[in-house]
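Excluded from the calculations below are hydrogen atoms, water molecules and symmetry mates; all remaining heavy atoms, backbone and side chain alike, are included. Residue numbers start from 1 in every chain, and the chains themselves are labelled A, B, ... in the order their sequence lines are given, proteins ahead of strands.
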Amino acid sequence: MEMDKLVSLCKRRGFLFQSSEIYGGVNGFWDYGPLGVELKRNIKDAWWRDMVTGHDDLTKAEGAPEPYEMTGLDCTIIMHPQVWKCSGHYDLFHDYMVDCRQTNKRYRHDQVSGRWVEAKDKRIFATAGSDSDSPEEDITRQALKFFGLRNKHIEQLQWDGGITPLTDIKDFSQVLGPHAKELGTLTEPREFNLMFKTTLGALGGEEDAAFLRPETAQGIFVNFKNVLDSTRVKIPFGIAQVGKSFRNEITPRNFTFRSREFEQMEIEFFCHPDSSQKWYKYWRDRRFQWYLDMGIPEGKLILREHKPEERAHYSIGTADIEYAFPFLAEGEYGELEGISHRGDFDLRSHMLGKLDPNSEATPMEVELNEHGKPKYRGSGKDLTYRDEITNEKYTPHVIEPSAGADRATLALLCEAYTEDEAPDDKGKMKTRIVMKFHPRIAPIKAAVFPLVKRDGMPEMAKDIYRALKKQWNVFYDEKGAVGRRYRRQDEAGTPFCITVDGQSLEDQTVTIRHRDTLEQWRVKADDIVGEISKLINV
RNA sequence: GCGGGUGUAGCUCAGUUGGCAGAGCACAACGUUGCCAACGUUGUUGUCGAGGGUUCGAAUCCCUUCACCCGCUCCA
């Protein structure tokens, strides 16, 4: 399936529009149209129902170490700025970057280091980037290459001082970029903020800067104590949240896949450190199965465990659930959801101050500034948990299944898009576009048609429509040829069409037409609500 | 961020050398028909992505800019 066809159908039928389209659009922002909003809402509702409200906390779920509780939360998009400092996002997402005009490489300003060196009556600052395993060797190699010297003439390099960070250098005109061949190719350091900055208060200045959240998870951590104190939940339990997040993506691309404003469906699952590994496995497998249940075939979905070097060292495991999006190359997959074992990093960071992600100690140590104080102070609040039966007090470990609602929606749109052949009224085969959504997520569950607009057929059809409308989003249409009405519903992904015809008026039966098979069968008009209910809840 | 491509009706696209803005589909109404994009008649739809320039005249040539697609780069 070519992506263009899906994008065109999405616009034509009202699934997705470009944001602010009449003004030319904005890069990385997309709007959901009348059908799209239903589809996405159904996906979010299915997730919430399956993970939260529908969860049976009395029974041990298959694959789970023990029964557990689930609860929800809806926190604000703007939070106290300190939240993002302690979470690590401020440091990770907020950097000064320098670009190399020659190599088109980009470096973090504070991670480029270099050394003054003189040879052949020229003095330059040779550098190595953060990608370098051995800055000293790379700096030397860069210097040799620049001066056109061989290794055996290494003594011609006159070093001036030791390795210093690029941040100490004001004038870049004599700086040789980490992979550059000429001097002065690095741009001035530019602020690079992956978080959206905003201002609190109408007169707010720089000290009133706040951020739109880059993930919903932190709102759960900072409310951990509130949930414990207000609900009687006991570990193990999870807190779920659905909501918008914002990231200034460098390269928004691939339709809605990488958007700057997007919606997440996240769970923070709190458990005892000793059982955290089992819970990690449970959630990883449970979430994978959920996508299969939503209608994504096994062959297009992979569960990819991160290699140890790919994940933070304090994490016992991280796995991505990835889908073979059609815009990716053969054999490549795009992330739908990440499940990570975060240990106690978040809760302890919000207690004590941001932990040092490079700390090898157990438990991890707080990252300190040059004065030996915490780089970012924590809340100072006790976020530990006391087990009332064993009286054990500990900081819970966290398993985080973090899903993208827009990515799930996009995957299900891609998966649903089908072109097949169906006969027209003369029996000639014609290409048919049909969105084969699982009935549970289909924007419209059923359409009701009178075969023709006379003889009391519309009246009977309208009664059926009203009866169904009480429970589902259904659609009534009496205009034009019935074949055209069927095809329109195929493009909307409506799984069932109910038609009132001449026979209906005599024996009170109607036909149900199946979207995928085109099969039709008759049922009693009085049974239609139960019949549709049965068909949708398969 | 870099390189290439594209942008004309709701969708798909044509538009010659700079000379009246087009087609198919879709959509709406009416009629006929009566189960898979039907037929007939009638009708609606355009800042030609935006801004500027050249020109008597620009969808067409030039500059700037925005968006989308592809390839690099990046990707928490």
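By the salt bridge (charged side-chain N to carboxylate O under 4.0 Å, His left out) test, A:Arg522 pairs with A:Asp501, sequence neighbours left out. For A:Glu215, the salt bridge (charged side-chain N to carboxylate O under 4.0 Å, His left out) criterion is met by no residue, not counting sequence neighbours. Scored by the side chain to side chain contact (heavy atoms under 4.5 Å, CB included) test, A:Ser379 finds A:Lys381 as partners (sequence neighbours excluded). With sequence neighbours left out, A:Phe325 forms a ring-ring contact (aromatic ring centres under 6.0 Å, His included) with A:Phe257, A:Tyr323, A:Phe327. By the side chain to side chain contact (heavy atoms under 4.5 Å, CB included) test, A:Arg253 is found to be paired with A:Thr251, residues two or more places apart in sequence or in another chain being considered. A:Arg432 pairs by the salt bridge (charged side-chain N to carboxylate O under 4.0 Å, His left out) definition with A:Asp420, A:Asp490, not counting sequence neighbours. For A:Ile302, the side chain to side chain contact (heavy atoms under 4.5 Å, CB included) test picks out A:Arg304, A:Glu322, A:Tyr333, with sequence neighbours left out. Residues passing the salt bridge (charged side-chain N to carboxylate O under 4.0 Å, His left out) test with A:Glu249, sequence neighbours excluded: A:Arg258.
Pairing partner, B:U47: none, since no Watson-Crick or wobble contact has both distances short of 3.5 Å. The nucleotide B:A59 finds no pairing partner, because no Watson-Crick or G-U wobble arrangement with both distances shorter than 3.5 Å includes it. Under the Watson-Crick or G-U wobble criterion, with both distances below 3.5 Å, B:G10 is paired with B:C25. In this structure, B:G3 and B:C70 make a Watson-Crick or G-U wobble pair, each of the two defining distances being under 3.5 angstrom. Under the Watson-Crick or G-U wobble criterion, with both distances below 3.5 Å, B:G34 has no partner in any strand shown.
Between the side chain of A:Arg258 and the base of B:C75 there is at least one donor-acceptor pair of N/O atoms closer than 3.5 Å. A donor-acceptor contact under 3.5 Å is formed by the side chain of A:Arg487 with the base of B:A37. Contact annotation: side chain of A:Glu491 to base of B:A37, donor-acceptor pair present below 3.5 Å. For B:C35, the base has a donor-acceptor partner in the side chain of A:Tyr486 [N/O atoms by modelled type, under 3.5 angstrom].
Base contact: A:Leu451 has a heavy atom under 4.0 Å from a base atom. Residue A:Gly28 is classed as a sugar-phosphate contact, given heavy-atom separations below 4.0 Å to backbone atoms only. Residue A:Phe255 is in sugar-phosphate contact alone, with no base atom involved, counting any heavy-atom pair closer than 4.0 Å across all strands shown. Counting any heavy atom pair closer than 4.0 Å across all strands shown, A:Asn254 reaches sugar-phosphate atoms only and no base atom.
Taking atom CD of residue A:Gln18 and atom P of nucleotide B:C68, one finds them 5 Å apart after rounding to whole Å. Protein atom CH2 of A:Trp30 is 11 Å distant from nucleotide atom P of B:A67, rounded to whole Å. Between the P atom of B:A37 and the CD atom of A:Glu419 lies a distance of 16 Å, rounded to the nearest Å. Between A:Glu478 atom CD and B:C35 atom P there is a gap of 18 Å when expressed in whole angstrom units. Taking atom OH of A:Tyr333 as the reference point, atom C1' of B:C75 lies 20 Å away to the nearest angstrom. Following rounding to the nearest Å, A:Asp420 (CG) and B:C36 (C1') show an atom-to-atom distance of 12 Å. Across the protein-nucleic acid pair, A:Lys453 atom NZ and B:U32 atom P stand 11 Å apart, rounded to whole Å. If you take CZ of A:Phe257 and P of B:C69, they are 13 Å apart, rounded to a whole angstrom.
Closest contact between the side chain of A:Phe327 and the listed nucleotides B:C70, B:A28, B:C35 involves B:C70. Distance from the side chain of A:Asn27 is smallest for B:A67 among the nucleotides B:A67, B:C35, B:G34.
When the C1' atom is compared between B:A21 and B:G15, the two are found 9 Å apart, to the nearest whole Å. Comparing B:A59 with B:G19, their P atoms are spaced 10 Å from each other, to the whole Å. Taking atom P in both B:U6 and B:G10, one finds a spacing of 22 Å when rounded to whole Å. Atom name C1', nucleotides B:C20 and B:A37: the rounded distance is 34 Å, in whole Å. Separation of the P atoms belonging to B:U47 and B:G5 is 27 Å when rounded to the nearest angstrom. Taking the C1' atoms as reference points, B:U55 lies 38 Å from B:G43, given to the whole Å. Taking atom P on both nucleotides, B:C13 is separated from B:U32 by 38 Å, rounded to a whole Å. Here, B:G24 and B:U42 have their P atoms 14 Å apart, quoted to the whole Å.
More than 12 heavy atoms of other shown residues, nucleotides or ligands fall within 6.0 angstrom of atom CD in A:Glu419. Within a 6.0 Å sphere centred on NZ of A:Lys469, heavy atoms belonging to other residues, nucleotides or ligands number more than 12.
Residues A:Glu249 and A:Tyr23 each lie close to RNA chain B; by heavy-atom proximity, the contact nearer the 5' end of the strand is made by A:Tyr23. Between A:Phe29 and A:Lys479, the residue anchored nearer the 5' end of RNA chain B, judged by the nucleotide with its closest heavy atom, is A:Lys479.
Within residues 505-523 of chain A, the residues having any heavy atom closer than 4.0 Å to RNA chain B are, in order of number, A:Thr511, A:Arg513, A:Leu518, A:Gln520.
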Check: residues 14-23 of chain A side-chain donor-acceptor pairs under 3.5 Å, at least two apart:
from	atom 1	to	atom 2	distance (Å)
A:Glu21	OE2	A:Lys11	NZ	3.2

For nucleotides 21-23 of chain B, tabulate all protein N/O to nucleotide N/O atom pairs closer than 3.5 Å, reporting atom names and distance.
none

* Sequence-aligned protein contact record of nucleotides 3-11 of chain B, with B where the base is within under 4.0 Å of a protein heavy atom and S where only the sugar-phosphate is -> -------SS
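Residues A:Thr216 and A:Glu266 bring a donor and an acceptor atom of their side chains to less than 3.5 Å of each other. Judged purely by distance below 3.5 Å, without hydrogens or angles, the side chains of A:Tyr376 and A:Ser349 never pair a donor atom with an acceptor atom.
Contact between the side-chain N/O atoms of A:Arg484 and the OP1/OP2 oxygens of B:A38 is found at a separation under 4.0 Å.
Between the CG atom of A:Leu347 and the CZ atom of A:Phe224 there is a distance of 5.5 Å, given to the nearest 0.5 Å.
Nearest heavy-atom pair, A:Arg348 versus A:Leu355, reported as atom, atom and distance to 0.1 Å: NH1-CD1, 3.8 Å.
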